Amino acid sequence: MQRNKLFRDFRLLSRILDSGTVLTALDTETTGLFPDTGRIIEIGAVRFNKDGILETYNKLVNPGCTISSEVTRINHIDNTMVLSCPPIDVILPTFMDFIGDSILIAHNANFDLDFLNAELLRSNFTRLKNNAIDTLEFSRWAYPKLSKHSLQFLAQAFAIDVKHAHRAEDDARVCMEIFFQCLKATASVQKKQQLTPAELLQDQREHHSEKP
């Protein structure tokens, strides 16, 4: 399956955000790990720009199959919760309208994008054409010394408030917060690259003096 184009030059993202571009952080909960056999059971998303959150989206989906107890233990979504929910082919048009032509952001983005594209094709819709940013890759680039880069580990490392881990809308919001945190790290690196040797030495002295 053809995959969505992912941004690789993370140094440009601050400029893209500052230009007024709208981005959508998203997350999916699924019945399994593989889009060929698994189905989406929840979609959550947060549209935002440089000024903050514009709108949120959250839908439970009836997958037309049984949700295993292993999946329920992770995301707390069970069969009774989705029984009266609409199927994915009813949900997708509203989701597509929500994201529009915004840049998509997700943690381990290919997982969510592959599931969404598989569901779109099964429902006789066109696959996503949006460009995308993977915050997993972005965080590895911005914070290479961290021991882990999972969503929940980064949320804890950056003191991001997690309300409902492994539920789509909250994971999407956390993903957005991680994106902003990585932008701060990028700005710091770029600032240091622009310093003169004397300024860089002074910056290093101030940094060491702040340590206990």
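All values reported here derive from a predicted model rather than from experimental measurement.
- Using modelled atom types, no side-chain atom of Glu177 and backbone atom of Ile160 make a donor-acceptor pair closer than 3.5 Å.
- When hydrophobic clusters are built by joining Ile, Leu, Val, Met, Phe, Trp and Tyr residues whose side-chain heavy atoms come closer than 4.5 Å, directly or via intermediates, Phe179 is not grouped with Leu154.
- When Asn58, Leu116, Asp112, Asp27 are each tested for a side-chain contact (heavy atoms from CB on, under 4.5 Å) with Ile43, only one passes: Leu116.
- The side chain to side chain donor-acceptor pair (under 3.5 Å) search around Asn49 returns none, not counting sequence neighbours.
- Phe180 pairs by the ring pair (Phe, Tyr, Trp, His ring centres under 6.0 Å) definition with Phe48, not counting sequence neighbours.
- A search for side chain to side chain contact (heavy atoms under 4.5 Å, CB included) contacts involving Arg73 returns Ser69, Glu70, not counting sequence neighbours.
- A distance of 11.0 Å separates CD in Glu169 from NZ in Lys59, rounded to the nearest 0.5 Å.
- The shortest distance between side-chain heavy atoms of Trp141 and Thr186 falls below 4.5 Å.
- The ring pair (Phe, Tyr, Trp, His ring centres under 6.0 Å) analysis of residues 65-84, with sequence neighbours excluded, yields no pairs.
- Annotation: side chain to side chain contact (heavy atoms under 4.5 Å, CB included) contacts of Glu55 (sequence neighbours excluded): Arg47, Phe98.
- Contact of the Leu183 side chain with the Phe138 side chain is registered, since non-hydrogen atoms from C-beta on lie closer than 4.5 Å.
- Residues Val46 and Leu60 fall into different hydrophobic clusters, defined by Ile, Leu, Val, Met, Phe, Trp and Tyr side chains chained together at heavy-atom separations under 4.5 Å.
- Remark: Glu137 engages Leu6, Arg8, Phe10, Asp134 in a side chain to side chain contact (heavy atoms under 4.5 Å, CB included) (not counting sequence neighbours).
- Put simply, the side chain of Asn79 never gets that close to the backbone of Thr66: no donor and acceptor are under 3.5 Å apart.
- Using a 4.5 Å heavy-atom threshold, the side chains of Ser139 and His107 count as touching.
- Heavy-atom minimum distance, Asp171 versus Glu29: OD2-OE2, 3.7 Å.
- Hydrophobic cluster membership differs between Met176 and Ile178, with clusters built from Ile, Leu, Val, Met, Phe, Trp and Tyr side chains linked at under 4.5 angstrom.
- Contact between Val61 and Pro87 at its shortest, heavy atoms only, is CG1-C, 3.9 Å.
- Under the 4.5 Å side-chain criterion, counting only non-hydrogen atoms from C-beta, Val71 is in contact with Ile41.
- Under the 4.5 Å side-chain heavy-atom criterion for grouping Ile, Leu, Val, Met, Phe, Trp and Tyr, Ile53 is connected to Ile133 within one hydrophobic cluster.
- Put simply, CG on Asn117 and CG on Asn110 are 10.0 Å apart, with the number rounded to the nearest 0.5 Å.
- When the side chain to side chain contact (heavy atoms under 4.5 Å, CB included) test is applied to Val162, the partners found at least two apart in sequence or on another chain are Gln152, Ala155, Ala165, Asp170, Val174.
- The two atoms that bring Arg127 and Asn4 nearest to each other are NH2-OD1, 3.4 Å, heavy atoms only.
- Arg173 places none of its side-chain heavy atoms less than 4.5 Å from the side chain of Thr56.
- Residues Ile67 and Met81 fail the side-chain proximity criterion, which asks for heavy atoms closer than 4.5 Å.
- Inter-residue side-chain proximity for Met96 and Leu120 is flagged as met; some heavy-atom pair is nearer than 4.5 Å.
- Distance check: Ile88 CD1 to Ile40 CD1 gives 4.5 Å after rounding to the nearest 0.5 Å.
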In sequence, state the C-alpha distance, the side-chain angles, and the governing distance for Glu42 and Ile77, and then conclude on side chain to side chain contact (heavy atoms under 4.5 Å, CB included). CA-CA 9 Å; Glu42 187 177 38; Ile77 300 173; 3.4 Å; yes

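- Within the 4.5 Å cutoff, the side chain of Thr135 has no heavy atoms near those of the Cys182 side chain.
- Listed by chain and number, the residues in a ring pair (Phe, Tyr, Trp, His ring centres under 6.0 Å) with Phe125 amount to none (sequence neighbours excluded).
- For residues 153-177, every residue pair satisfying the ring pair (Phe, Tyr, Trp, His ring centres under 6.0 Å) rule, not counting sequence neighbours, is listed here: Tyr143-Phe158.
- The side chain to side chain donor-acceptor pair (under 3.5 Å) search around Lys163 returns Asp161, not counting sequence neighbours.
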Acceptor/donor pairs from residues 18-26 side chains to any protein atom, 3.5 angstrom cut, sequence neighbours excluded:
unit_1: Ser19; atom_1: OG; unit_2: Ile16; atom_2: O; d: 2.5
unit_1: Ser19; atom_1: OG; unit_2: Thr21; atom_2: OG1; d: 3.0
unit_1: Thr21; atom_1: OG1; unit_2: Ile16; atom_2: O; d: 3.1
unit_1: Thr24; atom_1: OG1; unit_2: Ser102; atom_2: OG; d: 2.7

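- With Thr30 contributing its side chain and Gly32 its backbone, the two residues share a donor-acceptor pair below 3.5 Å.
- Pairs of residues two or more places apart, or lying in two chains, that qualify as side chain to side chain donor-acceptor pair (under 3.5 Å) and include a residue from residues 83-101 are Tyr57-Thr94.
- Of the possible donor and acceptor atoms, one in the side chain of Asn62 sits under 3.5 Å from a partner among the backbone N and O of Leu83.
- Clustering ILVMFWY residues whenever any of their side-chain heavy atoms sit less than 4.5 angstrom apart, transitively, puts Leu113 in the very cluster that holds Ile99.
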